[in-house]
Amino acid sequence: MKAKKWMALALAAALCTGCAGAGPGTGGNTDAGTSAKTEAAAGEDKKAEAKSYSLTVSGIGGSLNWLPVYIAQQEGWFDEENLEIEEVLFTNGPVQMESLSSNGWDIGCTGVGGVFAGVLGYDAMVLGSSNTDDGTQYVFSRVDSDIVGAGKGNNSLNGDIYGTADTWKDKSILCNTGSVTQYVLIKMLEGFGLTQEDVQFIAMDPATAYSAFLAGEGDACVLTGSGGTFKMLEDAENYTPVASGPLVDSGLMCSFVANKDSYADPETYEAMKVFMKVYFKSLDWMKEHEEETVQYCVDMNDENGSSMEPEVARKYVKADTYFTLQEAVDMMENKAEGSDHTEMEEKLLGVLNFFISVGNYSEGDDERFDGHVDSKLLKEVLEETR
């Protein structure tokens with residue numbers, strides 16, 4: 001919260017008046033009392049002079065990259081830094097970015113879909129990444145399928161992926177179209193030398209795909225999120241995870257996106273630095289307090305209207321990897337092998353080119369994306385926290 005403006009000078013004057021009235025015969029240690037009062041006055045004066053900030057922050061309700069914000073709010077760390085947060089939560093990234101047209105928020109935590117919608121639709125800036133975003137994306141097949149029967153070791157991307165080109169060809173696969181799940185599927189197929197045209201792609205959102213697959217439809221399904229994914233992982237007698245986001249090295253990440261006007265404003269820019277400082281402090285705390293983090297995840301989802309059992313929350317918070325501040329900066333500074341782009345840009349452009357190939361974005365949008373990843377703010381935060 002913003003620091004209250006105390007009348008520090010008046011307080012100091014009152015203390016001085018009290019000191020002047022103290023003398024021999026008044027009792028107690030006069031010098032010690034004067035010193036303590038002076039220090040108290042100095043503390044109040046310093047508090048009055050501390051700069052206060054305000055920031056409107058957007059996010060996806062119940063998401064892993066919003067959890068550090070939620071924890072920081074509960075622990076009072078934003079208050080300690082005199083940063084007042086106004087939160088605005090959405091159900092997905094593209095909807096989150098639509099509000100940028102009316103300057104609805106300053107900085108947002110979002111997934112890759114929100115990153116592209118923000119940059120290409122509203123000229124937003126990408127300030128860094130918070131965590132991987134592929135730990136809950138899985139491709140499942142039934143245990144008695146010939147895909148599982150073919151075993152592992154035949155995919156060029158990763159030897160732990162099940163099947164062969166022959167067993168995957170012509171299979172019916174339930175998957176959300178134009179999404180990161182489709183991206184994971186296509187990456188997996190490429191490892192077998194196949195394309196989407198070599199299988200029967202049946203477009204379904206993850207919740208519908210989960211229900212349909214349980215009912216016997218499809219040879220495989222691609223799921224994401226904390227619901228169906230974990231339930232199917234627990235049912236090892238009937239379903240086998242044959243591939244996943246990490247196995248295909250999808251490179252999917254959650255990132256921080258800034259309103260370009262807010263980013264250009266010096267006052268708001270400084271508030272963003274304070275926000276980042278607290279955010280990565282929260283990440284450090286989470287690594288040392290696993291059980292408390294799980295409980296906060298449960299509480300966050302309850303408040304978001306999507307209840308989550310503690311055992312599911314425990315798997316959820318471990319599904320993806322949070323980056324340290326140093327790692328986040330390094331990704332924006334180090335060049336990707338054989339590329340003029342940084343490691344972070346290269347990963348984002350790989351996903352963007354997929355979306356271009358399926359018609360979600362247009363040719364040339366990859367060039368428009370260039371120049372929208374800026375490491376300046378996070379680098380300054382890193383320097384100031386060393």
Side-chain angles (χ1 to χ4, degrees), residues 57-78 85-96 99 105 108-114 130-140 174-176 179-181 184 204-215 221-239 241 244-246 252-254 279 282-283 285-322:
V57 184
S58 71
I60 310 299
S63 64
L64 279 178
N65 64 332
W66 187 255
L67 181 57
V69 180
Y70 179 83
I71 291 175
Q73 290 174 315
Q74 304 308 307
E75 291 288 329
W77 294 328
F78 290 122
I85 292 291
E86 178 185 354
E87 66 176 50
V88 188
L89 298 180
F90 300 86
T91 56
N92 61 67
V95 173
Q96 176 187 10
S99 65
W105 45 268
C109 307
T110 193
V112 71
S130 56
N131 57 280
T132 61
D133 193 26
D134 56 8
T136 63
Q137 295 151 19
Y138 279 82
V139 185
F140 290 96
L174 315 181
C175 183
N176 197 12
S179 67
V180 292
T181 53
V184 168
M204 288 185 182
D205 65 80
T208 304
Y210 172 68
S211 299
F213 197 59
L214 288 179
C221 72
V222 191
L223 301 179
T224 188
S226 59
T229 297
F230 293 130
K231 291 178 182 177
M232 199 158 280
L233 283 171
E234 291 174 355
D235 193 359
E237 292 183 2
N238 296 300
Y239 307 103
S244 66
L252 295 169
M253 300 177 292
C254 289
Y279 190 100
S282 188
L283 293 188
W285 181 91
M286 290 165 64
K287 292 174 183 176
E288 302 296 327
H289 299 81
E290 180 179 326
E291 290 306 313
E292 294 94 329
T293 297
V294 169
Q295 186 57 54
Y296 273 136
C297 185
V298 172
D299 296 342
M300 176 185 71
N301 279 277
D302 283 344
E303 292 182 20
N304 192 54
S306 53
S307 62
M308 181 180 289
E309 295 298 320
E311 59 269 22
V312 175
R314 184 170 286 101
K315 295 175 182 178
Y316 187 45
V317 298
K318 290 184 176 181
D320 284 298
T321 301
Y322 288 107

Margin query: With heavy-atom distances below 4.5 Å as the criterion, would you say the side chains of K315 and E234 are in contact?
Written below: yes
Item checked: Spatial distance of atom CG (L223) from atom CG (N176) [nearest 0.5 Å] -> 10.5 Å
Margin query: With a 3.5 Å distance limit and no angle check, can you tell me whether D133 reaches the backbone of C254 through a side-chain donor-acceptor pair?
Written below: no
Next item on the list: Can you sort out the partners of D134 under side-chain hydrogen bond (donor to acceptor under 3.5 Å, both in side chains), two or more places apart, ordered by chain and number?
Entry: S250
Checklist line | Qualifying residues under side-chain hydrogen bond (donor to acceptor under 3.5 Å, both in side chains), relative to S244, sequence neighbours excluded | finding: none
Check: Looking at CZ of F140 and CG of N238, how far apart are the two atoms once the value is rounded to the nearest 0.5 Å?
Finding: 12.0 Å
Check: With a 4.5 Å heavy-atom cut-off, do C109 and V69 have their side chains touching?
Finding: yes
Next item on the list: Using modelled atom types only, decide if a donor and an acceptor are shared between the side chain of W285 and the backbone of A72 within a distance under 3.5 Å.
Entry: no
Margin query: Distance check, rounded to the nearest 0.5 Å: M300 atom CE versus L89 atom CG?
Written below: 9.5 Å
Note to self: Are F90 and W105 packed together at the side-chain level, in the sense that at least one heavy-atom pair is separated by less than 4.5 angstrom?
What the structure shows: yes
Item checked: Contact summary for W66 and G59, nearest pair of heavy atoms -> CE3-CA, 3.7 Å
Next item on the list: Would you give the length of the straight line joining atom CG of D320 to atom CE of M253, rounded to the nearest 0.5 angstrom?
Entry: 12.0 Å
Notebook entry, point to check: Between A319 and F230, which heavy-atom pair has the shortest distance, and what is it?
Noted result: CB-CZ, 4.3 Å
Check: Looking at side-chain heavy atoms only, is the closest gap between M286 and L67 below 4.5 Å?
Finding: yes
Check: So do Y279 and N65 actually touch side chain to side chain, heavy atoms under 4.5 Å?
Finding: yes
Next item on the list: Would you indicate whether the side-chain heavy atoms of F213 and V222 approach each other to under 4.5 Å?
Entry: no
Checklist line | Given T229, V294, L64, V298, the one that forms side-chain contact (heavy atoms from CB on, under 4.5 Å) with Y316 | finding: L64
Checklist line | Exercise: identify the closest heavy-atom pair between L283 and S130 | finding: CD1-O, 4.3 Å
Margin query: So which atom in T110 and which in G93 form the shortest heavy-atom distance, rounded to 0.1 Å?
Written below: OG1-CA, 3.6 Å
Check: Is a donor on one side and an acceptor on the other found under 3.5 Å between the side chain of S211 and the backbone of T208?
Finding: no
Checklist line | Side-chain (N304) to main-chain (S306) donor-acceptor, under 3.5 angstrom | finding: no
Checklist line | Donor-acceptor contact present, side-chain T181 to main-chain C175, <3.5 Å | finding: no
Next item on the list: Measure the spacing between CG of D205 and CG of L174 and express it to the nearest 0.5 Å.
Entry: 11.0 Å
Check: Can you name the nearest heavy-atom pair linking C297 to M308, along with the distance?
Finding: SG-SD, 4.0 Å
Check: What heavy-atom pair brings P68 and S282 nearest, and what distance separates the two atoms?
Finding: O-OG, 2.9 Å
Notebook entry, point to check: When rounded to the nearest 0.5 angstrom, what is the spacing between CD in Q295 and CG in D299?
Noted result: 4.5 Å
Check: Y322: what forms a ring pair (Phe, Tyr, Trp, His ring centres under 6.0 Å) with it, not counting sequence neighbours?
Finding: none
Note to self: Tell me if the CD atom of E288 is crowded by more than 12 foreign heavy atoms within 6.0 Å.
What the structure shows: no
Item checked: Student check: side-chain heavy atoms of E290 and K318 closer than 4.5 Å -> yes
Check: Do M232 and Y138 have side-chain heavy atoms sitting under 4.5 Å apart?
Finding: no
Notebook entry, point to check: Counting only heavy atoms not in E86, do more than 12 fall under 6.0 Å of its CD?
Noted result: no
